[in-house]
Amino acid sequence: MVVVEISGVNSMEQCSEASEQHNDLVQKLEEYFTSPEIMVEVGDYFHGCANKLHYVGTQTGENDLEETHPLSNYDIFTSYGEMIEKFLQTFLKE
């Protein structure tokens, strides 16, 4: 069981309202991020960079946790994060 303290909530009724608002927000985020437009853009992004990623440990068939990821992987991760941030900013404006 997870207990979340919500600032300014003084009663079970207020807690229920806050929980409902939270659930509504989560549902809206899920609907937004699973929309065809977003899914296509994310799919296109990964399709475009899939051959640029270096998969650590795949040369030997084992996942070598000691092997260092190249900076190019970090660049791909960073640009993915920027794309997700752009999506979030668009969502918040709507």
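Computation of the quantities below employed the complete heavy-atom set of this structure, encompassing side-chain atoms and omitting hydrogens, waters and symmetry-equivalent molecules. Residue numbers run from 1 in the order of the sequence given. Given the structure is predicted, the values throughout are model-derived calculations rather than measurements.
- By the 6.0 Å contact criterion, NZ on Lys86 is enclosed, its count of non-hydrogen atoms from other residues, nucleotides or ligands being greater than 12.
- Taken together through direct or relayed side-chain contacts under 4.5 Å among Ile, Leu, Val, Met, Phe, Trp and Tyr, Phe87 and Phe77 form parts of separate hydrophobic clusters.
- Between atom NZ of residue Lys93 and atom CG of residue Leu88 there is a gap of 12.0 Å, rounded to the nearest 0.5 Å.
- Within the 4.5 Å cutoff, side-chain heavy atoms of Met83 are placed close to those of Tyr45.
- Looking at heavy atoms from C-beta onward, Leu25 lies out of side-chain contact with Gln21 at the 4.5 angstrom threshold.
- The ring of Phe46 has its center closer than 6.0 angstrom to the ring center of Tyr80.
- Checking side-chain atoms of Asn73 against main-chain N and O of His54 turns up a donor-acceptor pair under 3.5 Å.
- Around CE of Met39, the count of heavy atoms belonging to other residues, nucleotides or ligands within 6.0 Å does not exceed 12.
- Annotation: Phe91, atom CZ; neighbour count of heavy atoms from other residues, nucleotides and ligands within 6.0 Å is above 12.
- The local environment of CD in Glu30 is sparse, with at most 12 non-hydrogen atoms from other residues, nucleotides or ligands closer than 6.0 Å.
- The CD atom of Gln27 sits 8.5 Å away from the CG atom of Asn23 when rounded to the nearest 0.5 Å.
- Here the straight-line distance linking atom OG of Ser35 with atom CD of Glu41 works out to 9.5 Å at 0.5 Å rounding.
- Under the 4.5 Å side-chain heavy-atom criterion for grouping Ile, Leu, Val, Met, Phe, Trp and Tyr, Ile38 is connected to Leu92 within one hydrophobic cluster.
- Taking the side chain as every heavy atom from C-beta outward, Thr90 and Tyr32 approach each other to under 4.5 Å.
- Atom CG of Leu71 is surrounded by 12 or fewer heavy atoms from other residues, nucleotides or ligands within 6.0 Å.
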